[in-house]
A.B. asks: 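Take this structure, written in structure tokens, and hold onto it; I'll ask about it next.
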Amino acid sequence: MTSAFKPLALSLALAAAFPTSIVLAQTATVGAAASVMITAGRQTQAAKDVLADNVVISAEDIAKSGAASVVDLLQQQRGIEISRNGGPGTTSSVFMRGGSNAQNVVLIDGVRIGSSTTGGASWSAIPLSQIDHIEVVYGPLSSLYGADAMGGVIQIFTKKGAGSITPTLSAGMGSYGARKLQAGLIGSIAGNLNLSLNAGHEENSGFSATKPAAGPYSYNIDKDGYAMDSFNGRLVWEVSKGFELGASVLHSRNNAQFDSGPTQDDRNITTLENIAVFGRGKFSDYWTASLQFAKAEDKGYTDASYGKSQIDTRQESVSFQNDIRIGKDVLQLIAETRDENVDTTTLALNRKRTTNSFAASYVFKQDAHLASASIRNDRSSQYGSNTTGSVAYGYRFSDALRINASYGTSFRAPTFNELYYQGYGVATNKPEKAKNAEIGVYFEQGDTQLSAVYYQNKATDLLVSAGSKDCPAGYSFGCARNVNKATLSGLSIGGTTRFADLTVRGSIDIQDPKDDTANKRLARRAKQHGTLAAEYSFANAKLGVEAIYSGDRYDDAANTKVLGSYNLLNLYATYEVAKNTTVLARWNNALNKDYELARNYATAGSNVFVGVNYGFK
């Protein structure tokens, strides 16, 4: 057996070790499934009642991960693959169930973020130091969240205050000149005013983003590092029982180097700014309403050998949601409006569009039966009206064993680049559309949680870089066009269990992300990827080992440039030296694997990180 297949074999062996099932979503910690989930239904639900496939990454998981970025953290989750043009801080993409980076929705505390020109979130500028936990929900959620929720939704929750005012501090250092520092105050005043204030700084001197094989017009021998400064503040006032008002702000600025030639100090400076004001009221035992006003800005400045540019996206949104309880059931009514504005040095992209949305959902719970149905209409001033819907059903054979089945439709809005970029965009491009069906089996008993989910997502009107023959007159070098179809299908298996002081978890994804029109695999997606981890606890310490495996991928749509398979081994240890004070040591890529997430772009070799966390519960 080759070394490349060892982690895969181990993951399969782990699945076989649980004879009671074929099942679980890899919840990041044992017992996480007993917690609550918000993102799947836009309401607080017991995770065991959620019909959508999901993963929760807890605060403890983030603390011990030693991850350099949010993308590194997500790489450890099932159903997710990543690509990156160099080390931490450089341009990154996240693929959910084989979908593209633009085919998922990313929220921070309920505020949608992302670039309207490229589609998808600017992952490199999301500060890991400000995050409390993350909810990942797989599958189409356009009927709740609108455009782009084809592969799923990732919601990031920042740190929040409760209990007495507590200072927090984390600091660490590691290979490649890594430095991290975070400080904050979290807690409540007078019992009805909760606050959270956090500031962070991180930097890394890095390594050359490109390899010599990238060629003389890309490769630069210099080190490509980054520096990020971030701030997060949140204030929630409980006006009276059942009524609260709040405000939140997030600011992050990432100054990252990259390569585009042998002499230039190329830089991307990305700034994220989120502001939200919200209120929530329980007007009766049956009716709860919430209202949110939010603004999210994604500002990108590039200074490279090929020129300078500024591309800014501003999204302003209003959301009004009503939850009406009917016995154990919940009827949800939602009205939203979102304005997208783009200002750039490329005048053709200086555009705006408005989307008005109305949605309704119903969640049913009766004895062994669980069900949900939702429908939404999004009407855009640019690309017209789109209606999406979903239905799901779950049946409990016992308290431990459940089966789910669902069907849903979704769409992705064309980006401003695909519509207006000079010589490439076509203003008449339509949204991509998809239909997804899936079935899953879930088992949860004590410290054992398992699941297996099979899905098939068929997309039409896929926007691709088409040849001139498929473009309107005048596009001599091709354009963005709705010409392809794709099928994203796969089996996702995961599990976690505990044997006395030993916790074991693992996952395996076997998928076929295929461009049906071209009869090619979608770029940078593997047919198999998986994880395996074990953690041993004793006294005040924990020792852990993680393995990450990915099969080979193609770097291009034509499937001519191969990215080899890879497996990574990570080791970590934590020790609680005093109450609320924990030290961490982590050794990433311990076997010093040389691998690529994008062709001719470098990745980190063997590297270590040590740190201390104080005040986190």
A.B. asks: Whether the Trp123 and Ser69 side chains hold a donor-acceptor pair (N or O, under 3.5 Å, no angle test) is what I'd like checked.
C.D. replies: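 No donor-acceptor contact under 3.5 Å links the two side chains.
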A.B. asks: Could you check if a side-chain atom of Tyr549 sits within less than 4.5 angstrom of a side-chain atom of Leu532, using non-hydrogen atoms only?
C.D. replies: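 No, their side chains stay 4.5 Å or more apart.
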A.B. asks: Taking the side chain as every heavy atom from C-beta outward, state whether Tyr138 and Val153 have any atom pair closer than 4.5 Å.
C.D. replies: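 The answer is no, as the side chains (C-beta and beyond) never meet within the 4.5 Å cut-off.
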A.B. asks: Ignoring hydrogens and angles, tell me if any N or O in the side chain of Asp224 forms a donor-acceptor pair with the backbone of Ala209 under 3.5 Å.
C.D. replies: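 A pair under 3.5 Å: yes.
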A.B. asks: Could you tell me whether Arg314 and Asp312 make a salt bridge, using a distance below 4.0 angstrom between a side-chain N and a carboxylate O?
C.D. replies: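 No.
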A.B. asks: Can you tell if the side chain of Trp587 reaches within under 4.5 Å of the side chain of Asn570, non-hydrogen atoms only?
C.D. replies: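 A side-chain contact is absent here, since even the closest heavy-atom pair is not under 4.5 Å.
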A.B. asks: So for atom CG, which belongs to Asp594, do other residues, nucleotides or ligands contribute more than 12 heavy atoms lying within a distance under 6.0 Å?
C.D. replies: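 No.
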A.B. asks: Evaluate the criterion ring pair (Phe, Tyr, Trp, His ring centres under 6.0 Å) for residue pair His133 and Phe157; output intermediate values, then yes/no.
C.D. replies: CA-CA 5 Å; His133 68 283; Phe157 294 88; 4.5 Å; yes
A.B. asks: Assess, by modelled atom type and distance only, whether the side chains of Thr531 and Ser507 contain a donor and an acceptor separated by less than 3.5 Å.
C.D. replies: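 Indeed, the side chains of Thr531 and Ser507 share at least one donor-acceptor pair under 3.5 Å.
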A.B. asks: Answer yes if the side chains of Tyr306 and Gln264 hold a donor-acceptor pair under 3.5 Å, and no otherwise.
C.D. replies: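 The criterion, which ignores hydrogens and geometry beyond distance, is not satisfied for Gln264 and Tyr306.
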A.B. asks: Out of curiosity, Ile134 CD1 to Leu107 CG, how far, rounded to the nearest 0.5 Å?
C.D. replies: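 Spacing of CD1 (Ile134) from CG (Leu107) equals 12.0 Å.
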A.B. asks: Can you confirm whether the side chains of Glu336 and Gln292 place a donor and an acceptor under 3.5 Å from each other?
C.D. replies: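 The answer is no; no qualifying pair exists.
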A.B. asks: Do the numbers put Arg525 on top of the ring of Phe95, so that NZ or CZ is under 6.0 Å from the six-membered ring centre and no more than 45° off the axis?
C.D. replies: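 The answer is yes, since Arg525 meets both limits relative to Phe95.
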A.B. asks: Is the backbone N or O of Ile82 less than 3.5 Å from a side-chain atom of Ser93, with the two atoms forming a donor-acceptor pair by type?
C.D. replies: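 Here the side-chain-to-backbone pair does not exist.
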A.B. asks: Quick one: CD on Gln182 to OG on Ser230, what's the gap to the nearest 0.5 Å?
C.D. replies: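 The distance works out to 8.0 Å.
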A.B. asks: Quick one: do Arg586 and Glu546 make a salt bridge, cutoff under 4.0 Å?
C.D. replies: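 Here Arg586 pairs with Glu546 in a salt bridge, since their nearest N and O are under 4.0 Å apart.
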A.B. asks: I need the Ile113 CD1 to Ile156 CD1 distance, nearest 0.5 Å.
C.D. replies: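 Here the interatomic distance stands at 6.0 Å.
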A.B. asks: State plainly whether the residues Asp109 and Lys159 are in salt-bridge range, i.e. N to O under 4.0 Å.
C.D. replies: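 Between Lys159 and Asp109 there is no salt bridge, as every charged N stays at least 4.0 Å from the carboxylate O atoms.
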A.B. asks: So do Asp72 and Asn588 actually touch side chain to side chain, heavy atoms under 4.5 Å?
C.D. replies: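 With C-beta onward as the side chain, the pair stays apart.
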A.B. asks: Side chains of Leu185 and Thr168: does their closest heavy-atom pair fall under 4.5 Å?
C.D. replies: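 Not in contact.
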A.B. asks: Nearest 0.5 angstrom please: Tyr301 OH to Ile311 CD1, how far?
C.D. replies: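 Nearest 0.5 Å value for the OH-CD1 distance: 12.5 Å.
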A.B. asks: As a quick check of understanding, evaluate salt bridge (Lys or Arg N to Asp or Glu O under 4.0 Å) for Asp555 and Arg553, giving each step before the final call.
C.D. replies: CA-CA 7 Å; Asp555 194 60; Arg553 294 136 292 134; over 6 Å; no
A.B. asks: So, Glu203 and Arg179, do they make that salt bridge, N to O below 4.0 Å?
C.D. replies: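 Salt bridge between Glu203 and Arg179, a charged N being under 4.0 Å from a carboxylate O: no.
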A.B. asks: Is the shortest distance from a Lys or Arg side-chain nitrogen in Arg412 or Glu418 to a carboxylate oxygen in the other one below 4.0 Å?
C.D. replies: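 Yes, Arg412 and Glu418 are salt-bridged.
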A.B. asks: Would you call Glu596 and Lys211 a salt bridge, taking side-chain N to carboxylate O under 4.0 Å as the test?
C.D. replies: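 Salt bridge between Glu596 and Lys211, a charged N being under 4.0 Å from a carboxylate O: yes.
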A.B. asks: Between Asn85 and Thr90, is any side-chain donor less than 3.5 angstrom from a side-chain acceptor?
C.D. replies: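 No - no donor-acceptor pair under 3.5 Å links their side chains.
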A.B. asks: Considering only NZ, NE, NH1 and NH2 on the basic side and carboxylate oxygens on the acidic side, decide whether Asp556 and Arg521 come within less than 4.0 Å.
C.D. replies: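 Answer for the salt bridge query: no.
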A.B. asks: Quick check: does any side chain N or O of Asn220 sit under 3.5 Å from a backbone N or O of Gly261, one acting as donor and the other as acceptor?
C.D. replies: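 Checking the backbone N and O of Gly261 against the side chain of Asn220, a donor-acceptor pair under 3.5 Å is found.
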A.B. asks: I want to check something: taking the side chain as every heavy atom from C-beta on, are Ser208 and Tyr219 in contact at a cut-off of under 4.5 Å?
C.D. replies: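 Of all side-chain heavy-atom pairs linking Tyr219 with Ser208, at least one is under 4.5 Å.
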A.B. asks: So that I can tick it off, tell me whether Lys299 and Asp343 are bridged by a salt bridge, with the cut-off set at under 4.0 angstrom between side-chain N and carboxylate O.
C.D. replies: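 Here Asp343 does not pair with Lys299 in a salt bridge, since their nearest N and O are not under 4.0 Å apart.
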A.B. asks: Are Gln103 and Glu432 close enough that a side-chain donor and a side-chain acceptor fall under 3.5 Å?
C.D. replies: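 There is such a pair between these side chains.
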A.B. asks: Under a 3.5 Å cutoff, is there a donor and acceptor pairing between the side chains of Ser260 and Ser305?
C.D. replies: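 Indeed, the side chains of Ser260 and Ser305 share at least one donor-acceptor pair under 3.5 Å.
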A.B. asks: Can Arg42 be said to sit on top of Tyr145's aromatic six-ring, NZ or CZ under 6.0 Å from centre and within 45° of the ring axis?
C.D. replies: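 Arg42 over Tyr145 ring: yes.
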A.B. asks: Answer yes or no: is there a side-chain heavy-atom contact under 4.5 Å between Thr415 and Thr118?
C.D. replies: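 SC-SC contact between Thr415 and Thr118 ruled out.
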A.B. asks: Indicate yes or no: at least one non-hydrogen side-chain atom of Val426 is less than 4.5 angstrom from one of Tyr421.
C.D. replies: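 No; the side chains remain at least 4.5 Å from each other.
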A.B. asks: Under the rule for ring-ring contact (aromatic ring centres under 6.0 Å, His included), what residues qualify as partners of Tyr420, not counting sequence neighbours?
C.D. replies: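 Scan of Tyr420 (ring-ring contact (aromatic ring centres under 6.0 Å, His included), adjacent residues dropped) gives Phe416.
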A.B. asks: Report yes or no: do Asp552 and Ser565 form a side-chain donor-acceptor pair below 3.5 Å?
C.D. replies: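 The criterion, which ignores hydrogens and geometry beyond distance, is not satisfied for Ser565 and Asp552.
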A.B. asks: Verify the distance criterion only: is there a donor paired with an acceptor across the side chains of Ser218 and Asp259 at less than 3.5 Å?
C.D. replies: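 There is no such pair between these side chains.
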A.B. asks: Evaluate the criterion ring pair (Phe, Tyr, Trp, His ring centres under 6.0 Å) for residue pair Phe278 and Phe293; output intermediate values, then yes/no.
C.D. replies: CA-CA 6 Å; Phe278 52 88; Phe293 299 87; over 10 Å; no
A.B. asks: Pairing donors with acceptors under 3.5 angstrom, does anything connect the side chains of Thr354 and Asp339?
C.D. replies: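 Yes, because at least one side-chain N or O of Thr354 sits under 3.5 Å from a partner of the opposite role on Asp339.
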A.B. asks: Does Lys223 make a cation-pi contact with Tyr176 (under 6.0 Å, within 45 degrees of the axis)?
C.D. replies: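 Relative to the ring axis of Tyr176, which defines the angle, Lys223 lies outside at least one limit.
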A.B. asks: Ignoring hydrogens and angles, state whether a donor on the side chain of Asp509 or Ser492 is under 3.5 Å from an acceptor on the partner side chain.
C.D. replies: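 Yes, a side-chain donor-acceptor pair sits under 3.5 Å.
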A.B. asks: Pair Arg112, Asp148 - check salt bridge (Lys or Arg N to Asp or Glu O under 4.0 Å), show working.
C.D. replies: CA-CA 11 Å; Arg112 182 173 177 146; Asp148 310 332; 2.5 Å; yes
A.B. asks: Consider side chain to side chain donor-acceptor pair (under 3.5 Å). Of Ser116, Ser380, Ser317, which one does Glu340 pass it with?
C.D. replies: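 Single side chain to side chain donor-acceptor pair (under 3.5 Å) partner of Glu340 among Ser116, Ser380, Ser317: Ser116.
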A.B. asks: Just verifying a value: how many Å separate Leu181 CG and Met173 CE, rounded to the nearest 0.5 Å?
C.D. replies: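 Going from CG on Leu181 over to CE on Met173, the span is 12.5 Å.
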A.B. asks: Scan side-chain atoms only and decide if Asn54 and Glu135 contain a donor-acceptor pair under the 3.5 Å cut-off.
C.D. replies: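 Looking only at side-chain atoms, Glu135 and Asn54 do not form any donor-acceptor pair under 3.5 Å.
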A.B. asks: Would you give the length of the straight line joining atom CG of Leu74 to atom OG of Ser92, rounded to the nearest 0.5 angstrom?
C.D. replies: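 If we round to the nearest 0.5 Å, Leu74:CG and Ser92:OG are 10.5 Å apart.
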A.B. asks: In terms of side-chain heavy atoms, does Gln130 have a donor or acceptor partner in Thr158 at a distance below 3.5 Å?
C.D. replies: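 No, because no side-chain N or O of Gln130 sits under 3.5 Å from a partner of the opposite role on Thr158.
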A.B. asks: Is it the case that the side chain of Gln310 and the backbone of Thr302 share a donor-acceptor pair, with hydrogens and angles ignored and the cut-off at 3.5 Å?
C.D. replies: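 Side chain of Gln310 to backbone of Thr302, a donor-acceptor pair under 3.5 Å: no, none is there.
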A.B. asks: Under a 4.0 Å N-O cut-off, is there an ion pair linking Asp53 with Arg97?
C.D. replies: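 Judged by the 4.0 Å cut-off on N to carboxylate O distance, Asp53 and Arg97 do form a salt bridge.
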